[in-house]
Amino acid sequence: MKDRVKRIFANAKEPLDAVVIMSSVEPLLDKAFFYLTDVPSGLFEGCIAVGFPDGSLTVFSSPLETESARVAPDVTVETFTTRADQSEKLRKLLPKSLRVGLNFHDLTHENFLHLKKELPYAEIYDVTDPVRKARAVKDANEIERLRHAGKIVSRAAEAIPSLLRNGMTELELAAEVEAMMNKFGAAGRSFDTIVGFGAHSAEPHFAPTSTRLEKGMGIVCDFGALYQRYCSDLTRSFAFGQPPAELKAVHRAVEEAQRAALDVIKAGVPGREPHLAAAKLIDGTRWKGLFNHGLGHSVGLAVHDGFSMNPRTEENLEAGMVITVEPGIYVNGLGGVRIEDDVLVTEKGYEFLTTAPREYFEVGSS
Ligand code: GLY
Ligand code: MN
Ligand code: MN
């Protein structure tokens, strides 16, 4: 993955001699390790990747994952036995006074202190932004995996109407949706599945409970599939039986807001514009002010992959970015509606990576 290593150096403001990525233990793994190495399997807890300006990359791997490290493209692998052995190998690779970039965003404080101690002559720089920028624009290999993750989550979304049963709990629905994703090829979920019934659906990050589904309730399901380490992220809103008339109208407004946002997406557009388009539409309705989060975010190795779209976003959209478009309206006591899709930004517009129908499903209303 020489190009990926080089991109981080190209994005850095200062000329750097090396970039050191160090993971802690699950869940404190630095996804940049997987970005640079593209290792197909393994956690690589406590492991280190060192990149150089010519694109070369050395990985200090634990014996648990050496075989996976060896199949990674363009990587020199050294297996360490103890932390002291790892430090000795690192000092040998970076022996003198060098300008070293560390990914502060995903480095634990403990590992920061450890690296400072092991590399006493290094000048340390934060490469959070260069890493974020490199990862924001996906290469062909990443787009293929994101496309597949989008297909899996879409198939699971299409199955939801057949899963809904009177009296089932939010936890049961979450488990069944996740099982569907696994059946369709997911290695797991890309984040904790959100399922909210009735008034719970008005809370955007609701964690499912043992609340039971009843006729007339709205439902929000927000979930994502992991495929070869890449994430998808999709939300669909449903009604079980006849929903309150207001909720139906809310759904129509959210659909329109999503279309308004999609209409302005293309390379070169300021990243806040799609958010502003959706917010303008919602704020022109009786639900003014009830779209209470950003329109979306970059998706990749992490479900929230660094770049986000909200009124404060300063970066422009670029071809090759993969972003979510997820407007919502949340009415306390009544319920909420969110529609979320993943799209690939192109020169001329966008391409959907998630394809499940977006119209309001009234399930079991007969
Ligand atoms: N799953 C949280 C989100 O959609 O960003
Ligand atoms: Mn989501
Ligand atoms: Mn999202």
Side-chain angles (χ1 to χ4, degrees), residues 31 105-106 128-129 131-133 135-138 146 149-150 153 190-194 196 201-207 220-224 230-237 250-251 253-285 287-332 335-345 349-350 352-354 358:
K31 300 262 165 59
H105 188 266
D106 293 295
T128 296
D129 262 358
V131 169
R132 199 191 332 247
K133 279 195 187 122
R135 281 173 52 183
V137 178
K138 272 62 184 179
L146 287 161
V153 79
S190 55
F191 59 93
D192 290 349
T193 297
I194 296 169
S201 60
E203 197 174 312
H205 285 169
F206 192 76
V220 167
C221 296
D222 182 350
F223 52 101
Y230 280 77
C231 299
S232 52
D233 184 8
L234 170 147
T235 307
R236 289 293 181 266
S237 302
V250 166
H251 195 278
V254 174
E255 274 188 89
E256 281 172 27
Q258 196 197 38
R259 273 197 295 273
L262 289 166
D263 281 348
V264 297
I265 289 178
K266 67 173 179 183
V269 165
R272 63 184 169 280
E273 292 298 333
H275 175 96
L276 295 175
K280 185 173 168 205
L281 195 136
I282 290 170
D283 287 345
T285 68
W287 303 289
K288 183 174 190 317
L290 299 186
F291 171 31
N292 60 11
H293 52 73
L295 178 76
H297 51 86
S298 173
V299 194
L301 284 160
V303 68
H304 290 175
D305 208 44
F307 170 82
S308 41
M309 287 188 295
N310 58 52
R312 297 165 300 287
T313 302
E314 292 188 349
E315 300 99 320
N316 290 346
L317 298 181
E318 290 180 54
M321 285 181 165
V322 173
I323 53 175
T324 67
V325 183
E326 50 177 306
I329 294 176
Y330 308 94
V331 186
N332 259 338
V337 168
R338 178 164 65 259
I339 304 174
E340 175 176 26
D341 284 284
D342 304 347
V343 304
L344 169 67
V345 179
Y350 65 91
F352 277 117
L353 301 187
T354 47
R358 286 160 202 96

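Along the sequence shown, the residues carry numbers beginning at 1. Source: prediction; values computed, not measured.
- Using a cutoff of 4.0 Å between basic side-chain nitrogens and carboxylate oxygens, Arg132 and Asp129 are scored as salt-bridged.
- Using a 4.0 Å cut-off between a side-chain N of Lys or Arg and a carboxylate O of Asp or Glu, Asp106 and Lys31 do not qualify as a salt bridge.
- With hydrogens and angles ignored, the 3.5 Å screen pairs no side-chain donor or acceptor of Thr354 with any backbone N or O of Gly150.
- With rounding to the nearest 0.5 Å, the separation of CZ in Phe307 from CE in Met321 is 4.5 Å.
- Looking at Val325 and Ile265, their side chains come closer than 4.5 Å, going by heavy atoms from C-beta outward.
- What you find for Trp287 and Ala253 is that their closest heavy atoms are CZ3-CB, 3.9 Å.
- Taking CZ from Arg272 and CZ from Arg312, the interatomic distance works out to 11.5 Å, rounded to the nearest 0.5 Å.
- A side-chain donor from one of Asp233 and His297 sits under 3.5 Å from a side-chain acceptor of the other.
- One distance of note links OG of Ser232 with CG of Leu353; it measures 9.0 Å at 0.5 Å rounding.
- The line from CG of Asp222 to NE2 of His205 is 7.0 Å long, rounded to the nearest 0.5 Å.
- Contact check for Leu317 versus Ile323: side-chain heavy atoms found under the 4.5 Å cut-off.
- Residues His304 and Phe191 place their aromatic rings such that the two centres sit no closer than 6.0 Å.
- A salt bridge links Arg236 with Asp341: the distance from a Lys NZ or Arg NE/NH1/NH2 to an Asp or Glu carboxylate oxygen falls below 4.0 Å.
- Rounding to the nearest 0.5 Å places CD of Glu326 at 8.5 Å from CE of Met309.
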